[in-house]
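Below: the structure, in C-alpha coordinates.
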Amino acid sequence: QVQLVESGGGLVQAGDSLRLSCAASGRTFVPYAMGWFRQAPGKEREFVATISWSGNTFHSDSVKDRSTISRDNAKNTVYLQMNSLKPEDTAVYYCAAARGNNYYTRAPLYNYWGQGTQVTVSS
(Lines give C-alpha, C1' and ligand atoms only; values in the text may rest on other atoms or scores of the structure.)
Protein backbone atom coordinates (compact mmCIF):
# COMPACT_ATOMS: atom_id res chain seq x y z
CA GLN A 1 0.00 0.00 0.00
CA VAL A 2 1.18 3.51 -0.81
CA GLN A 3 0.37 6.48 1.38
CA LEU A 4 0.34 10.01 0.02
CA VAL A 5 0.34 13.00 2.32
CA GLU A 6 -0.16 16.52 1.02
CA SER A 7 0.98 19.69 2.79
CA GLY A 8 1.41 23.37 2.11
CA GLY A 9 -2.16 24.50 1.69
CA GLY A 10 -3.63 27.47 3.50
CA LEU A 11 -5.42 30.79 3.30
CA VAL A 12 -3.75 33.36 1.07
CA GLN A 13 -4.67 36.53 -0.76
CA ALA A 14 -5.09 36.91 -4.49
CA GLY A 15 -1.71 37.31 -6.14
CA ASP A 16 0.16 35.31 -3.52
CA SER A 17 2.11 32.10 -4.06
CA LEU A 18 1.95 28.67 -2.48
CA ARG A 19 4.03 25.54 -2.77
CA LEU A 20 2.19 22.29 -2.22
CA SER A 21 4.10 19.14 -1.37
CA CYS A 22 3.10 15.49 -1.49
CA ALA A 23 5.21 12.79 0.10
CA ALA A 24 4.80 9.14 -0.81
CA SER A 25 5.58 6.35 1.63
CA GLY A 26 4.94 2.68 2.11
CA ARG A 27 5.33 0.14 -0.66
CA THR A 28 6.21 2.61 -3.39
CA PHE A 29 6.85 1.31 -6.89
CA VAL A 30 8.82 2.54 -9.88
CA PRO A 31 8.27 4.00 -12.31
CA TYR A 32 5.24 6.05 -11.35
CA ALA A 33 3.67 9.27 -12.43
CA MET A 34 2.39 11.86 -10.01
CA GLY A 35 -0.49 14.23 -10.50
CA TRP A 36 -2.31 17.06 -8.83
CA PHE A 37 -6.07 17.43 -8.99
CA ARG A 38 -8.42 19.84 -7.28
CA GLN A 39 -12.05 19.99 -6.29
CA ALA A 40 -13.93 23.15 -5.53
CA PRO A 41 -17.20 23.14 -3.57
CA GLY A 42 -20.05 21.94 -5.74
CA LYS A 43 -17.77 21.06 -8.63
CA GLU A 44 -16.23 17.91 -10.00
CA ARG A 45 -12.61 17.03 -9.38
CA GLU A 46 -10.42 18.48 -12.12
CA PHE A 47 -6.93 17.83 -13.37
CA VAL A 48 -4.25 20.40 -12.53
CA ALA A 49 -0.82 19.03 -13.44
CA THR A 50 1.10 15.81 -13.89
CA ILE A 51 4.71 14.67 -14.08
CA SER A 52 6.23 11.45 -15.31
CA TRP A 53 8.93 9.49 -13.53
CA SER A 54 11.54 11.02 -15.87
CA GLY A 55 10.27 14.56 -15.33
CA ASN A 56 8.06 15.27 -18.32
CA THR A 57 5.24 17.56 -17.31
CA PHE A 58 1.81 18.69 -18.44
CA HIS A 59 -0.30 21.45 -16.88
CA SER A 60 -3.94 22.30 -17.36
CA ASP A 61 -4.76 25.45 -19.30
CA SER A 62 -6.17 27.02 -16.16
CA VAL A 63 -2.81 26.97 -14.35
CA LYS A 64 -0.08 26.45 -16.95
CA ASP A 65 1.12 30.05 -16.94
CA ARG A 66 1.11 30.27 -13.17
CA SER A 67 2.11 26.87 -11.83
CA THR A 68 4.95 24.38 -12.05
CA ILE A 69 4.93 20.73 -11.04
CA SER A 70 8.21 19.10 -10.07
CA ARG A 71 9.41 16.01 -8.24
CA ASP A 72 12.32 14.67 -6.23
CA ASN A 73 12.45 10.93 -6.78
CA ALA A 74 15.05 10.43 -4.06
CA LYS A 75 12.58 11.89 -1.57
CA ASN A 76 9.46 10.35 -3.16
CA THR A 77 7.98 13.83 -3.17
CA VAL A 78 6.14 15.91 -5.74
CA TYR A 79 5.62 19.64 -5.58
CA LEU A 80 3.22 22.13 -7.09
CA GLN A 81 4.40 25.73 -7.12
CA MET A 82 1.46 28.05 -7.67
CA ASN A 83 1.93 31.75 -8.33
CA SER A 84 -0.44 34.65 -8.92
CA LEU A 85 -3.21 32.78 -7.16
CA LYS A 86 -6.80 33.70 -7.95
CA PRO A 87 -9.99 33.20 -5.92
CA GLU A 88 -11.06 30.60 -8.49
CA ASP A 89 -8.06 28.50 -7.45
CA THR A 90 -9.82 27.87 -4.13
CA ALA A 91 -10.27 24.11 -3.77
CA VAL A 92 -9.07 21.00 -2.03
CA TYR A 93 -5.92 19.89 -3.80
CA TYR A 94 -5.19 16.19 -4.08
CA CYS A 95 -2.05 14.42 -5.18
CA ALA A 96 -2.15 11.01 -6.79
CA ALA A 97 0.24 8.31 -7.98
CA ALA A 98 -0.09 6.12 -11.06
CA ARG A 99 2.00 3.19 -12.21
CA GLY A 100 3.75 3.71 -15.52
CA ASN A 101 6.39 5.53 -17.50
CA ASN A 102 4.23 8.34 -18.83
CA TYR A 103 2.23 11.14 -17.28
CA TYR A 104 -1.54 10.99 -17.02
CA THR A 105 -4.29 13.58 -17.00
CA ARG A 106 -7.24 11.32 -16.24
CA ALA A 107 -8.11 10.58 -12.64
CA PRO A 108 -9.20 6.94 -13.19
CA LEU A 109 -5.64 6.09 -14.24
CA TYR A 110 -4.30 6.90 -10.79
CA ASN A 111 -3.93 4.11 -8.27
CA TYR A 112 -3.40 6.02 -5.03
CA TRP A 113 -4.70 9.30 -3.68
CA GLY A 114 -3.90 11.56 -0.78
CA GLN A 115 -6.44 13.04 1.61
CA GLY A 116 -6.13 16.54 0.16
CA THR A 117 -5.03 19.94 1.37
CA GLN A 118 -7.25 23.02 1.38
CA VAL A 119 -6.21 26.08 -0.59
CA THR A 120 -8.31 29.19 -0.07
CA VAL A 121 -7.61 32.37 -2.00
CA SER A 122 -9.31 35.52 -0.80
CA SER A 123 -9.96 38.46 -3.08
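This chain uses plain numbering: 1 for the first residue, then up along the sequence. Here the structure is a predicted model, which is why all the values come from computation and not from measurement.
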Side-chain heavy atoms nearer than 4.5 Å, only ILVMFWY residues, links allowed to pass through others: does that put [X] and [Y] together?
| X | Y | answer |
| --- | --- | --- |
| V78 | V2 | yes |
| Y104 | V48 | no |
| V30 | L4 | yes |

- prompt: Looking at residues at least two apart in the chain, or sitting in another chain, which of them share a side-chain hydrogen bond (donor to acceptor under 3.5 Å, both in side chains) with Y110?
  reply: T50
Sequence neighbours excluded and cut-off under 3.5 Å, please list the side-chain donor-acceptor pairs for residues 14-27, or say none.
unit_1 : atom_1 : unit_2 : atom_2 : d
D16    : OD2    : Q13    : N      : 3.1
S17    : OG     : N83    : OD1    : 3.0

task: Please go through Y79's hydrophobic cluster and name the other residues, only I, L, V, M, F, W, Y counting, with side-chain heavy atoms under 4.5 Å joining them.
output: none
task: Can you tell me which residue pairs pass the salt bridge (charged side-chain N to carboxylate O under 4.0 Å, His left out) test with a partner in residues 43-59, sequence neighbours excluded?
output: R38-E46
Which side-chain N or O atoms in residues 111-123 pair as donor and acceptor under 3.5 Å with protein atoms at least two apart or in another chain?
unit_1 : atom_1 : unit_2 : atom_2 : d
N111   : OD1    : R99    : N      : 2.9
T117   : OG1    : G9     : N      : 3.3
Q118   : NE2    : A91    : O      : 3.4
Q118   : NE2    : T120   : OG1    : 3.3
S122   : OG     : V12    : O      : 3.3

task: Please list all pairs passing the disulfide bond (SG atoms under 2.5 Å apart) test where one or both residues lie in residues 25-79, with sequence neighbours left out.
output: none
- line: Applied to residues 35-69, the disulfide bond (SG atoms under 2.5 Å apart) test, sequence neighbours excluded, yields none
Please list every donor-acceptor pair under 3.5 Å in which a side-chain atom of residues 63-76 meets a protein atom from a residue at least two apart or in another chain.
unit_1 : atom_1 : unit_2 : atom_2 : d
K64    : NZ     : D61    : OD1    : 3.4
R66    : NH1    : S84    : O      : 3.1
R66    : NH1    : D89    : OD2    : 2.8
R66    : NH2    : S62    : O      : 2.9
R66    : NH2    : D89    : OD1    : 3.0
R66    : NH2    : D89    : OD2    : 3.4
R71    : NE     : N73    : OD1    : 2.6
R71    : NH1    : Y32    : O      : 2.9
R71    : NH1    : I51    : O      : 3.4
R71    : NH1    : S52    : O      : 3.0
R71    : NH2    : Y32    : O      : 3.1
R71    : NH2    : N73    : OD1    : 3.3
D72    : OD1    : A74    : N      : 3.1
D72    : OD1    : K75    : N      : 3.3
N73    : ND2    : W53    : O      : 3.1
N76    : OD1    : Y32    : OH     : 3.1

message: For the OG atom of S60 and the CZ atom of F37, what is their distance to the nearest 0.5 Å?
response: 10.0 Å
- request: Grab the two heavy atoms, one from F58 and one from F47, that are nearest each other, plus how far apart they are.
  value: O-CZ, 3.5 Å
message: Any heavy-atom pair between the side chains of Y94 and V92 that's under 4.5 Å?
response: yes
